[in-house]
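Notes follow once the structure below has been shown.
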Protein chains: 2
Amino acid sequence: MTQVDDIDRQLLSMLHADGRRTFSEMAPEVGLSVAAVKRRIDRLRETGVITGFTVQVDQTKLGLGIGAFVELSCTGSTPVGEIVRTAYRAPEVQAVFTIAGDPDALVQVRVRDIEHLQQVIDGLRRAGHVTGTKTLMVLGSWTRES
Amino acid sequence: MTQVDDIDRQLLSMLHADGRRTFSEMAPEVGLSVAAVKRRIDRLRETGVITGFTVQVDQTKLGLGIGAFVELSCTGSTPVGEIVRTAYRAPEVQAVFTIAGDPDALVQVRVRDIEHLQQVIDGLRRAGHVTGTKTLMVLGSWTRES
DNA sequence: AGTGAAAGCTCCAGCGG
DNA sequence: CCGCTGGAGCTTTCACT
């Protein structure tokens, strides 16, 4: 377990709101020098608290207008890694969560249209070990911004 | 619908892998000048394709070791906004997805421990209009990094 | 841990093709 | 739409507290 103090949390919160905020902008807000802020963020990266920086894209503007979650049920003998690897092969799959209980996995997908969704689901079902799926179509989503 | 060409897609892909990559680093990779890259990214922001930049944090290192999805079922008369607003009030809630069919919403949460999870679920159940919940505990997760 | 300053690099706005 | 250029601002490293 790594030591993360209040100033680190402040920095993480600022970067969460804007991942490109500059050190020189954050420094006065936390009452430290620019160099100190840089060292803290370098350390957060080295200790694995920060795993990376990324851009947030509105997928609907790229023609991937439909989101869905697919619950996968698998045969009892299927290893976890197998489930993930299989699902992950499809580029439409955004994330895979393995689950305790029923279902065995929750797969988040993003597709162009209903036909495309059908293809992706068919692909998941064809993967060996899958005994059943249930699809939850996303109508709207709200992700915490803070 | 906004025009997004192949170079834009390349830039988005690079920023997805590292949201702090500099314009001058990306420019030679796409064969454009620094100023042209900046103009494209500014435009992607203005047109709403890019909604922001953020930092990726390993929540387990911050003591929020347990993730879960809670499926919410609500009374038929409940408006969508009501569901979202209610769930969203709890800071443990990371994201809310409204769903077509059954369940009515999928709520992603992140908590310290099982007791904490119990509290959050109780909170969601107490919110008016909720007729039932089903909790999916996350054992592992893989998010596309590319 | 923290500061401050210098060198080098990046950004950005304006002008022109 | 693109590139070029100069001034401003940011990052990074260093020696030091």
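Hydrogens, waters and symmetry mates are skipped; everything else that's a heavy atom, side chains included, is used.
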- Close side-chain approach of A:Phe69 and A:Thr135, heavy atoms under 4.5 Å: no
For [X] and [N], give me the distance from atom [atom1] to atom [atom2], rounded to whole Å.
X       : N      : atom1 : atom2 : answer
A:Arg43 : D:dT12 : CZ    : P     : 17 Å
A:Met26 : D:dG9  : CE    : C1'   : 15 Å
A:Phe23 : D:dC10 : CZ    : C1'   : 10 Å
B:Asp18 : C:dT10 : CG    : C1'   : 15 Å
B:Arg20 : C:dT10 : CZ    : P     : 14 Å
B:Leu44 : D:dC1  : CG    : P     : 11 Å
A:Glu25 : D:dC10 : CD    : P     : 8 Å
A:Arg21 : C:dC11 : CZ    : C1'   : 18 Å

- State plainly whether the residues B:Arg85 and B:Glu82 are in salt-bridge range, i.e. N to O under 4.0 Å. yes
- Answer yes or no: is there an ion pair linking B:Lys38 with B:Asp42, defined by an N-O contact shorter than 4.0 Å?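 Between B:Asp42 and B:Lys38 there is a salt bridge, with a charged N closer than 4.0 Å to a carboxylate O.
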- Name the residue closer to the 5' end of DNA chain C, choosing between A:Arg40 and B:Ser24 according to the nucleotide with the nearest heavy atom.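 Of the two residues, A:Arg40 wins.
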- Between A:Gln118 and A:Asp122, is any side-chain donor less than 3.5 angstrom from a side-chain acceptor?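 A:Gln118 vs A:Asp122: donor-acceptor pair found between side chains.
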- Does the D:dG3 base have a donor-acceptor partner in the side chain of B:Arg39 within less than 3.5 Å? yes
- Message: Side-chain N or O of B:Lys38 versus OP1/OP2 of C:dC12: is the shortest distance under 4.0 Å?
- Response: yes
- Sugar-phosphate only, base, or nothing, as touched by B:Ala36 at under 4.0 Å among non-hydrogen atoms: sugar-phosphate
